[in-house]
Amino acid sequence: MKVAITSVGNTVDSSVDSRFGRCSFFALYDTESGNVEFVENNEKNAIEGAGPAAAQFVASFGVQKVISGEFGQKVKAIFDQLKIQLIVIQDEKTVADIIKML
Amino acid sequence: MVRPKRNRRIYISPDFKGFSPIGAINKSSVVIMSFDEYEAIRLADYELLHQKDAALRMSISRPTFSRIYESARRKVAQAFVTGASIVFEGGKIYFDSNWFLCEDCNAWFNSHEHDVSKIYCALCESKKTLRFSDIEFESDTSYLSCPKCKRTACLKEKKQKIACPDCKIELQ
(Lines give C-alpha, C1' and ligand atoms only; values in the text may rest on other atoms or scores of the structure.)
Protein backbone atom coordinates (compact mmCIF):
# COMPACT_ATOMS: atom_id res chain seq x y z
CA MET A 1 0.00 0.00 0.00
CA LYS A 2 1.26 3.47 -0.90
CA VAL A 3 0.99 6.42 1.50
CA ALA A 4 1.57 10.07 0.56
CA ILE A 5 2.96 12.45 3.21
CA THR A 6 3.30 16.20 2.62
CA SER A 7 6.80 17.35 3.41
CA VAL A 8 8.73 20.62 3.78
CA GLY A 9 12.00 19.23 2.34
CA ASN A 10 13.13 16.26 0.26
CA THR A 11 14.75 14.30 3.10
CA VAL A 12 13.22 11.92 5.64
CA ASP A 13 14.23 14.23 8.52
CA SER A 14 12.19 17.18 7.25
CA SER A 15 8.93 17.94 9.02
CA VAL A 16 5.41 17.34 7.72
CA ASP A 17 4.01 20.32 5.81
CA SER A 18 0.84 21.60 7.46
CA ARG A 19 -0.74 22.52 4.10
CA PHE A 20 -1.77 20.07 1.41
CA GLY A 21 -2.14 21.97 -1.88
CA ARG A 22 0.90 24.22 -1.49
CA CYS A 23 3.34 21.88 0.23
CA SER A 24 6.90 21.64 -1.18
CA PHE A 25 7.27 17.88 -1.60
CA PHE A 26 5.21 14.70 -1.40
CA ALA A 27 6.90 11.73 0.24
CA LEU A 28 5.54 8.52 -1.28
CA TYR A 29 6.06 5.69 1.15
CA ASP A 30 5.52 2.08 0.12
CA THR A 31 4.54 0.03 3.21
CA GLU A 32 5.52 -3.31 1.60
CA SER A 33 9.01 -2.50 0.24
CA GLY A 34 9.77 0.33 2.71
CA ASN A 35 10.91 2.65 -0.07
CA VAL A 36 10.45 6.41 0.25
CA GLU A 37 10.31 8.48 -2.91
CA PHE A 38 10.14 12.28 -2.95
CA VAL A 39 8.31 14.12 -5.72
CA GLU A 40 8.17 17.88 -6.03
CA ASN A 41 4.78 19.62 -5.94
CA ASN A 42 4.52 21.71 -9.12
CA GLU A 43 1.40 23.47 -7.81
CA LYS A 44 3.31 25.12 -4.96
CA ASN A 45 3.19 28.62 -6.46
CA ALA A 46 -0.08 28.25 -8.38
CA ILE A 47 -2.35 31.29 -8.18
CA GLU A 48 -5.57 29.29 -8.04
CA GLY A 49 -6.73 25.70 -7.70
CA ALA A 50 -3.57 24.29 -6.11
CA GLY A 51 -5.50 21.86 -3.92
CA PRO A 52 -7.57 20.03 -6.58
CA ALA A 53 -4.57 19.89 -8.96
CA ALA A 54 -2.32 18.49 -6.23
CA ALA A 55 -5.04 15.97 -5.27
CA GLN A 56 -5.22 14.65 -8.86
CA PHE A 57 -1.41 14.52 -8.98
CA VAL A 58 -1.18 12.50 -5.74
CA ALA A 59 -4.05 10.19 -6.76
CA SER A 60 -2.24 9.37 -10.05
CA PHE A 61 0.42 7.53 -8.02
CA GLY A 62 -2.22 5.14 -6.68
CA VAL A 63 -1.94 6.08 -3.01
CA GLN A 64 -4.50 4.83 -0.46
CA LYS A 65 -3.75 7.20 2.42
CA VAL A 66 -2.74 10.86 2.43
CA ILE A 67 -1.21 12.48 5.51
CA SER A 68 -1.04 16.25 5.99
CA GLY A 69 -1.79 19.01 8.49
CA GLU A 70 -4.86 20.41 6.78
CA PHE A 71 -7.15 19.64 3.83
CA GLY A 72 -9.48 22.07 2.04
CA GLN A 73 -13.14 21.45 1.20
CA LYS A 74 -12.51 20.76 -2.52
CA VAL A 75 -9.64 18.37 -1.75
CA LYS A 76 -11.78 16.43 0.74
CA ALA A 77 -14.54 16.03 -1.87
CA ILE A 78 -12.07 14.71 -4.48
CA PHE A 79 -10.50 12.19 -2.10
CA ASP A 80 -13.94 11.09 -0.81
CA GLN A 81 -14.97 10.22 -4.36
CA LEU A 82 -11.75 8.28 -4.94
CA LYS A 83 -12.13 6.55 -1.54
CA ILE A 84 -8.68 7.66 -0.42
CA GLN A 85 -8.29 7.98 3.34
CA LEU A 86 -7.20 11.32 4.81
CA ILE A 87 -5.20 11.68 8.00
CA VAL A 88 -4.74 15.05 9.72
CA ILE A 89 -1.72 15.39 12.01
CA GLN A 90 -2.14 17.88 14.84
CA ASP A 91 1.36 17.79 16.41
CA GLU A 92 4.70 18.73 14.82
CA LYS A 93 6.20 15.55 13.40
CA THR A 94 8.89 14.63 10.86
CA VAL A 95 8.34 12.29 7.92
CA ALA A 96 10.51 9.67 9.65
CA ASP A 97 8.24 9.77 12.74
CA ILE A 98 5.19 9.10 10.58
CA ILE A 99 6.85 6.24 8.71
CA LYS A 100 7.78 4.66 12.04
CA MET A 101 4.11 4.84 13.19
CA LEU A 102 2.66 3.29 10.03
CA MET B 1 -31.18 33.74 -9.94
CA VAL B 2 -32.37 30.60 -8.21
CA ARG B 3 -30.95 29.48 -4.91
CA PRO B 4 -28.22 26.82 -5.42
CA LYS B 5 -29.12 23.23 -4.57
CA ARG B 6 -27.95 21.79 -1.28
CA ASN B 7 -25.38 19.02 -1.41
CA ARG B 8 -27.07 15.67 -0.83
CA ARG B 9 -25.32 13.25 1.43
CA ILE B 10 -24.88 9.71 0.01
CA TYR B 11 -24.29 7.03 2.64
CA ILE B 12 -23.50 4.08 0.35
CA SER B 13 -22.92 4.48 -3.38
CA PRO B 14 -23.89 1.56 -5.69
CA ASP B 15 -21.10 -0.87 -6.64
CA PHE B 16 -22.30 -1.08 -10.25
CA LYS B 17 -23.03 1.43 -12.99
CA GLY B 18 -26.68 0.65 -13.76
CA PHE B 19 -29.19 -1.85 -15.13
CA SER B 20 -30.01 -3.13 -18.60
CA PRO B 21 -33.18 -5.02 -19.67
CA ILE B 22 -33.12 -8.63 -20.95
CA GLY B 23 -33.81 -9.03 -24.68
CA ALA B 24 -34.56 -5.38 -25.31
CA ILE B 25 -35.63 -4.31 -28.81
CA ASN B 26 -34.58 -0.70 -28.50
CA LYS B 27 -31.10 -0.88 -26.99
CA SER B 28 -30.20 2.77 -27.42
CA SER B 29 -32.67 4.31 -24.95
CA VAL B 30 -31.16 5.20 -21.58
CA VAL B 31 -32.64 6.68 -18.41
CA ILE B 32 -30.08 8.64 -16.41
CA MET B 33 -30.66 8.37 -12.67
CA SER B 34 -28.64 10.62 -10.40
CA PHE B 35 -27.02 9.29 -7.24
CA ASP B 36 -29.37 11.24 -4.97
CA GLU B 37 -32.35 9.53 -6.63
CA TYR B 38 -30.72 6.14 -6.11
CA GLU B 39 -30.11 7.02 -2.45
CA ALA B 40 -33.76 8.14 -2.04
CA ILE B 41 -35.05 4.77 -3.28
CA ARG B 42 -32.51 2.93 -1.11
CA LEU B 43 -33.53 4.78 2.06
CA ALA B 44 -37.30 4.79 1.49
CA ASP B 45 -37.93 1.38 -0.10
CA TYR B 46 -34.97 -0.74 0.99
CA GLU B 47 -34.24 0.51 4.49
CA LEU B 48 -37.96 1.38 4.89
CA LEU B 49 -37.31 4.71 6.57
CA HIS B 50 -39.94 7.40 6.91
CA GLN B 51 -39.39 10.35 4.60
CA LYS B 52 -38.59 12.60 7.56
CA ASP B 53 -35.74 10.34 8.74
CA ALA B 54 -34.52 9.68 5.21
CA ALA B 55 -34.37 13.42 4.51
CA LEU B 56 -32.29 13.91 7.66
CA ARG B 57 -29.85 11.25 6.50
CA MET B 58 -29.39 13.01 3.17
CA SER B 59 -29.20 16.40 4.97
CA ILE B 60 -32.06 17.89 2.93
CA SER B 61 -35.59 18.95 3.85
CA ARG B 62 -38.55 16.56 3.88
CA PRO B 63 -40.29 18.18 0.85
CA THR B 64 -37.03 18.05 -1.15
CA PHE B 65 -36.65 14.36 -0.33
CA SER B 66 -40.21 13.79 -1.45
CA ARG B 67 -39.49 15.50 -4.79
CA ILE B 68 -36.30 13.47 -5.40
CA TYR B 69 -38.10 10.24 -4.51
CA GLU B 70 -40.99 11.07 -6.84
CA SER B 71 -38.60 11.75 -9.71
CA ALA B 72 -36.68 8.53 -8.96
CA ARG B 73 -39.87 6.42 -9.01
CA ARG B 74 -40.95 7.95 -12.31
CA LYS B 75 -37.58 7.19 -13.88
CA VAL B 76 -37.73 3.55 -12.70
CA ALA B 77 -41.27 3.25 -14.12
CA GLN B 78 -40.20 4.78 -17.42
CA ALA B 79 -37.30 2.34 -17.73
CA PHE B 80 -39.58 -0.62 -16.84
CA VAL B 81 -42.26 0.24 -19.38
CA THR B 82 -40.13 1.38 -22.30
CA GLY B 83 -37.36 -1.20 -21.78
CA ALA B 84 -34.70 1.45 -21.38
CA SER B 85 -31.53 0.83 -19.40
CA ILE B 86 -30.76 2.78 -16.23
CA VAL B 87 -27.42 4.52 -15.76
CA PHE B 88 -26.36 6.04 -12.43
CA GLU B 89 -24.74 9.37 -13.07
CA GLY B 90 -24.30 12.83 -11.56
CA GLY B 91 -26.35 14.80 -9.07
CA LYS B 92 -25.29 17.44 -6.56
CA ILE B 93 -23.97 15.05 -3.97
CA TYR B 94 -21.15 14.29 -1.58
CA PHE B 95 -20.15 10.89 -0.28
CA ASP B 96 -20.45 10.40 3.43
CA SER B 97 -17.28 9.71 5.36
CA ASN B 98 -17.09 9.96 9.10
CA TRP B 99 -14.25 11.66 10.90
CA PHE B 100 -12.51 10.01 13.82
CA LEU B 101 -10.06 11.25 16.42
CA CYS B 102 -7.44 8.84 17.73
CA GLU B 103 -7.10 9.25 21.47
CA ASP B 104 -3.56 7.78 21.47
CA CYS B 105 -1.72 9.70 18.73
CA ASN B 106 -4.08 12.71 18.56
CA ALA B 107 -4.53 12.50 14.78
CA TRP B 108 -7.72 12.97 12.78
CA PHE B 109 -8.66 10.51 10.06
CA ASN B 110 -11.72 9.82 7.94
CA SER B 111 -13.10 6.44 7.03
CA HIS B 112 -15.69 5.06 4.64
CA GLU B 113 -16.17 2.00 6.84
CA HIS B 114 -19.67 2.01 8.35
CA ASP B 115 -19.11 -0.78 10.85
CA VAL B 116 -17.74 1.04 13.90
CA SER B 117 -16.27 -2.15 15.41
CA LYS B 118 -13.87 -2.45 12.43
CA ILE B 119 -12.49 1.06 12.89
CA TYR B 120 -8.90 1.44 14.04
CA CYS B 121 -6.56 4.44 13.81
CA ALA B 122 -5.12 4.73 10.29
CA LEU B 123 -1.79 5.87 11.70
CA CYS B 124 -1.00 3.94 14.90
CA GLU B 125 -3.68 1.20 14.61
CA SER B 126 -5.06 2.06 18.03
CA LYS B 127 -8.63 0.98 18.80
CA LYS B 128 -9.26 4.01 21.03
CA THR B 129 -11.06 6.25 18.57
CA LEU B 130 -13.84 8.79 18.93
CA ARG B 131 -16.34 9.32 16.11
CA PHE B 132 -17.51 12.77 15.01
CA SER B 133 -20.44 13.47 12.72
CA ASP B 134 -21.92 16.56 11.10
CA ILE B 135 -25.51 15.57 11.79
CA GLU B 136 -27.35 13.47 14.38
CA PHE B 137 -29.49 10.69 12.98
CA GLU B 138 -28.81 7.42 14.79
CA SER B 139 -31.12 6.87 17.74
CA ASP B 140 -28.96 4.31 19.59
CA THR B 141 -26.04 6.72 20.10
CA SER B 142 -25.89 9.75 22.35
CA TYR B 143 -24.43 13.01 21.14
CA LEU B 144 -22.39 15.80 22.66
CA SER B 145 -21.51 18.94 20.74
CA CYS B 146 -19.05 21.79 21.18
CA PRO B 147 -20.80 25.09 21.98
CA LYS B 148 -18.29 27.07 19.89
CA CYS B 149 -17.62 25.10 16.67
CA LYS B 150 -20.75 22.85 16.78
CA ARG B 151 -18.66 19.72 16.22
CA THR B 152 -20.67 16.68 17.30
CA ALA B 153 -19.19 13.61 18.96
CA CYS B 154 -21.06 10.29 18.78
CA LEU B 155 -20.80 8.27 21.97
CA LYS B 156 -21.71 4.62 22.32
CA GLU B 157 -21.53 4.85 26.10
CA LYS B 158 -22.26 7.95 28.10
CA LYS B 159 -18.89 9.26 29.21
CA GLN B 160 -18.81 12.09 31.68
CA LYS B 161 -16.42 14.66 30.19
CA ILE B 162 -14.91 15.14 26.74
CA ALA B 163 -13.16 18.32 25.61
CA CYS B 164 -13.42 19.59 22.03
CA PRO B 165 -10.10 18.72 20.33
CA ASP B 166 -9.88 22.10 18.59
CA CYS B 167 -11.50 24.62 20.95
CA LYS B 168 -10.51 22.81 24.22
CA ILE B 169 -14.00 23.50 25.59
CA GLU B 170 -15.97 20.77 27.30
CA LEU B 171 -18.67 19.26 25.06
CA GLN B 172 -22.27 19.65 26.18
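The chains referred to below are lettered A, B, ... by the order of the sequence lines, with proteins before strands, and numbering in each begins at 1.
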Please check if the number of heavy atoms outside A:Glu70 that lie under 6.0 Å from its CD is greater than 12.
no
The interface call for A:Lys76 against chain B, heavy-atom contacts under 4.5 Å, is side chain
Of all the heavy-atom pairs spanning B:Asn106 and A:Gln90, show the shortest one and how long it is.
O-CG, 3.3 Å
Flag yes if A:Phe79 and A:Val39 sit in one hydrophobic cluster, no otherwise; membership is Ile, Leu, Val, Met, Phe, Trp, Tyr, and two members link when side-chain heavy atoms are under 4.5 Å apart.
yes
For A:Asp91 and B:Cys105 the tightest heavy-atom approach is OD2-O, 3.8 Å
Applying a strict 4.5 Å limit to non-hydrogen atoms, the region of B:Cys102 in contact with chain A is neither
Is it true that atom CZ of B:Phe80 has more than 12 heavy atoms of other residues, nucleotides or ligands lying nearer than 6.0 Å?
no
B:Lys92, NZ: over 12 other non-hydrogen atoms inside 6.0 angstrom
yes
What's the spacing between A:Asp80 CG and B:Ile93 CD1 if we round to 0.5 Å?
10.5 Å
Heavy-atom distance under 4.5 Å between the side chains of A:Ile89 and B:Leu123, does that happen here?
yes
Membership question, hydrophobic clusters at under 4.5 Å side-chain separation (ILVMFWY): are A:Phe38 and A:Ile98 in the same one?
yes
Give a yes or no on whether the backbone of B:Asn110 and the side-chain of A:Gln85 come within a donor-acceptor separation of less than 3.5 Å.
yes
Under 4.5 Å to a heavy atom of chain B? For A:Lys83 that would be both
Determine whether more than 12 heavy atoms belonging to other residues, nucleotides or ligands lie under 6.0 Å from atom CZ of B:Phe88.
yes
